[in-house]
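What follows is a set of notes on a single structure, which appears directly below.
For the numbers below, each heavy atom of this structure counts, side chains included, while hydrogens, waters and symmetry mates do not. Source: prediction; values computed, not measured.
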Amino acid sequence: MSMPAATDNSAANLFTPLAPDFLADPYPYYHRMRELEPVFFWPLGTYVATRHADIAWILKDRRFGKLFEERMDKRHGSDVWRASSSYRSLGKMMLVQDPPDHTRLRGLVAKAFTARRMEDMRGQIQAIVDKLIDRVEGDGSMEIMSQFAHPLPVEVICDMLGIPESDRQPFYESSTVSGRLIDPTPMTPEETAHADESNENLAAYFADLFERRRKDPADDLISLLVQVEEAGEKLTEEELFANVILLFGAGHETTVNLIGNGLLALHRNPEQIDRLKADPSLMPNAIEELLRYDSSVQMTGRVCLEDIEVGGVAMKRGDNIINLLGAANRDPEVFENPDQLDVGRKGARAMSSFGGGIHHCLGAQLARIEGEVAIATLLRRLPDLKLDNAETPEWRPTFTLRGVKTLPASW
């Protein structure tokens with residue numbers, strides 16, 4: 001896509017995150033926004049940061065937090081968002097909590113989500129990947145998103161959480177969390193109603209599963225979470241449900257998009273596929289570069305906890321700021337030739353899609369392992385795979401969670 005017109009003289013006017021052209025390729029817009037106003041005020045009531053240095057600082061500095069309820073009151077009105085079960089559940093996720101609640105919740109959940117446990121999953125992930133490829137290898141074609149990228153992390157997280165195989169079909173058919181729920185533009189009433197219906201169905205299902213695991217624990221995360229305790233603190237029923245949904249969403253949404261966006265980027269840059277085939281040891285670094293190049297998660301929000309200046313712009317306590325991870329990952333001050341895909345790039349992990357500071361994603365290592373195993377195995381087992389719509393993919397109509405709807409492929 002070409003750069004936005006040079007006559008565009010307002011970064012705020014360029015930031016149209018749900019516009020089709022922006023969804024298709026936000027990166028030229030990010031470059032232009034960064035040149036015009038690296039930090040700017042957006043008319044929907046939030047500041048926006050585009051530079052790597054500013055964003056890296058914001059994500060680590062404790063003078064920025066979440067202030068979830070205060071922010072939601074300002075954005076939607078207290079009665080409106082509290083009437084929505086999906087927004088209320090969002091409010092119980094550690095994703096939007098500040099210390100001390102965030103510290104308590106993350107401490108409880110992290111006990112069941114260790115790096116060693118994630119690495120121990122590698123053999124299981126490989127088996128699932130091989131099974132999915134076995135199903136289609138003789139067909140000569142598949143739709144990658146629905147037949148591979150989506151079922152892989154869903155099966156992995158269902159195994160980890162302990163969701164019985166007989167209960168899994170609804171999870172294969174749809175996401176547990178509406179991507180629109182965390183977009184910078186509010187959901188429509190129809191979108192909210194749909195999200196609430198899905199949330200309430202899931203709440204009823206998990207309430208029953210939690211009770212079964214309390215009575216008959218198994219070797220899975222839900223059994224650990226219903227029993228886990230830290231200094232006498234346990235998860236409430238609402239916290240338990242909300243954070244299991246968060247783990248499910250974080251455990252598959254990022255991976256689905258990493259696989260889809262990554263394969264698309266590689267097939268648009270076939271010389272990089274040749275490098276990976278010639279030297280498979282590049283794959284771990286390639287995953288970092290794919291996350292940098294077309295980030296699965298494009299933004300994360302923070303709120304000023306005190307009056308503070310960001311990039312020369314004065315902000316007040318309670319002001320919201322959107323941190324564009326996708327823009328930070330293409331910042332030429334940090335990455336040489338940032339719009340070039342380079343699977344051997346040094347320092348590719350400088351930002352990625354997993355946020356930073358106390359809210360760095362717990363599932364980051366799992367997503368990396370799944371992406372590494374999935375893409376490496378596809379290149380090895382289906383070396384002639386070609387994407388049928390590499391030049392004109394249809395993107396999902398969500399901005400924060402960036403991914404393609406379909407990727408038909410043949411070999």
Side-chain angles (χ1 to χ4, degrees), residues 1 20 23-25 122-159 165 168-176 179 251-280 282-283 286-287 289-291 293-296 341 343 367-398 401-411:
M1 177 175 291
L23 284 174
D25 187 2
R122 188 178 289 269
Q124 182 180 347
I125 292 166
Q126 183 67 65
I128 295 169
V129 167
D130 284 328
K131 178 180 68 176
L132 292 170
I133 295 176
D134 288 344
R135 290 177 182 171
V136 299
E137 189 172 17
D139 298 340
S141 66
M142 72 167 156
E143 199 291 290
I144 286 173
M145 303 310 292
S146 61
Q147 293 182 272
F148 185 77
H150 184 72
L152 165 61
V154 169
E155 188 159 341
V156 170
I157 199 66
C158 281
D159 284 347
E165 290 192 18
R168 293 183 185 183
Q169 194 56 39
F171 296 98
Y172 287 116
E173 291 172 356
S174 64
S175 172
T176 54
H252 92 275
E253 285 284 358
T254 305
T255 304
V256 170
N257 294 339
L258 164 58
I259 295 170
N261 298 0
L263 287 171
L264 180 61
L266 287 170
H267 281 81
R268 286 174 165 178
N269 296 272
E271 76 285 354
Q272 300 299 310
I273 294 180
D274 293 340
R275 290 180 70 185
L276 288 172
K277 288 179 178 178
D279 184 3
L282 285 173
M283 186 56 70
I287 294 301
E289 172 69 349
L290 293 171
L291 285 163
Y293 182 78
D294 198 4
S295 307
S296 309
L341 183 68
V343 297
R368 287 185 171 104
I369 294 169
E370 289 175 314
E372 182 183 330
V373 173
I375 294 176
T377 307
L378 280 176
L379 295 184
R380 186 179 72 251
R381 291 192 55 184
L382 301 175
D384 298 323
L385 183 143
K386 303 293 182 189
L387 301 182
D388 299 341
N389 65 339
E391 297 309 314
T392 56
E394 182 180 1
W395 293 88
R396 294 169 59 190
T398 63
L401 302 176
R402 174 171 172 77
V404 291
K405 273 189 174 181
T406 61
L407 276 183
S410 55
W411 54 90

Item to check | Closest approach of Phe171 to His150 (non-hydrogen atoms, all atoms of both residues) | outcome: O-NE2, 3.5 Å
Checklist entry - Is there a side chain to side chain contact (heavy atoms under 4.5 Å, CB included) between Leu385 and Ile144 once you walk through the steps? => result CA-CA 11 Å; Leu385 183 143; Ile144 286 173; 4.2 Å; yes
Checklist entry - Considering residues at least two apart in sequence or located in another chain, which fulfil the side-chain hydrogen bond (donor to acceptor under 3.5 Å, both in side chains) criterion with Lys386? => result none
Checklist entry - Is any side-chain heavy atom of Leu266 closer than 4.5 Å to a side-chain heavy atom of Leu276? => result yes
Checklist entry - Excluding sequence neighbours, so at least two apart, what forms side-chain contact (heavy atoms from CB on, under 4.5 Å) with Ser295? => result Gln298, Asn329, Ser353
Next on the checklist: Walk me through whether His267 and Ile273 qualify under side chain to side chain contact (heavy atoms under 4.5 Å, CB included).
Outcome noted: CA-CA 7 Å; His267 281 81; Ile273 294 180; 3.9 Å; yes
Checklist entry - Between CG of Leu282 and CD1 of Ile287, what distance do you get to the nearest 0.5 Å? => result 11.5 Å
Item to check | Beyond-backbone contact of Ile128 with Asp159, side-chain heavy atoms, under 4.5 angstrom | outcome: yes
Item to check | Of all pairs that satisfy salt bridge (charged side-chain N to carboxylate O under 4.0 Å, His left out), the ones with a partner from residues 267-279, not counting sequence neighbours | outcome: Arg275-Asp342
Checklist entry - Just wondering, do Leu132 and Met142 contact through their side chains at under 4.5 Å, heavy atoms? => result no
Checklist outcome for this item: Closest heavy-atom pair, Gln126 versus Thr377, reported as atoms and distance to 0.1 Å, is NE2-OG1, 3.1 Å
Item to check | side-chain hydrogen bond (donor to acceptor under 3.5 Å, both in side chains) partners of Asn257, counting only residues at least two apart | outcome: Arg396
Just distance, no hydrogens or angles: give the donor-acceptor pairs under 3.5 Å from side chains in residues 404-411, sequence neighbours left out.
| from | atom 1 | to | atom 2 | distance (Å) |
| --- | --- | --- | --- | --- |
| Lys405 | NZ | Glu394 | OE2 | 3.2 |
| Ser410 | OG | Asp388 | OD1 | 3.2 |
| Trp411 | NE1 | Glu137 | O | 3.1 |

Checklist entry - Do you know the tightest heavy-atom contact between Ser146 and Pro151? => result O-CD, 3.3 Å
Checklist entry - Taking side chain as C-beta onward, heavy atoms only, is Asn261 less than 4.5 Å from Trp395? => result yes
Checklist entry - Taking all atoms of both residues into account, what is the closest heavy-atom pair of Ala374 and Ile259, and its distance? => result CB-CD1, 3.8 Å
Item to check | Side-chain heavy atoms of Val136 within contact of Glu143, under 4.5 Å | outcome: no
Item to check | Smallest separation among heavy atoms of Thr254 and Ala367, with atom names | outcome: CG2-CB, 4.4 Å
Checklist entry - Who passes side-chain contact (heavy atoms from CB on, under 4.5 Å) against Ala265, sequence neighbours left out? => result Leu290, Tyr293, Leu341
Next on the checklist: So which atom in Pro153 and which in Val256 form the shortest heavy-atom distance, rounded to 0.1 Å?
Outcome noted: CG-CG2, 3.7 Å
Next on the checklist: Taking side-chain contact (heavy atoms from CB on, under 4.5 Å) as the definition, give me every residue that meets it alongside Ala127, ordered by chain and number, with sequence neighbours left out.
Outcome noted: none
Checklist outcome for this item: Across all chains, not counting sequence neighbours, the salt bridge (Lys or Arg N to Asp or Glu O under 4.0 Å) partners of Arg122 are Glu119, Glu372
Next on the checklist: According to salt bridge (Lys or Arg N to Asp or Glu O under 4.0 Å), who are the partners of Glu289, at least two apart in sequence or on a separate chain?
Outcome noted: Arg292, Arg345
Item to check | Check against side chain to side chain contact (heavy atoms under 4.5 Å, CB included), Ile125 and Leu152 | outcome: CA-CA 8 Å; Ile125 292 166; Leu152 165 61; 4.3 Å; yes
Item to check | Gap between atom CG of Asp384 and atom CG of Leu379 - 0.5 Å precision | outcome: 11.5 Å
Checklist entry - What pairs with Asp139 under salt bridge (Lys or Arg N to Asp or Glu O under 4.0 Å), at least two apart in sequence or on another chain? => result none
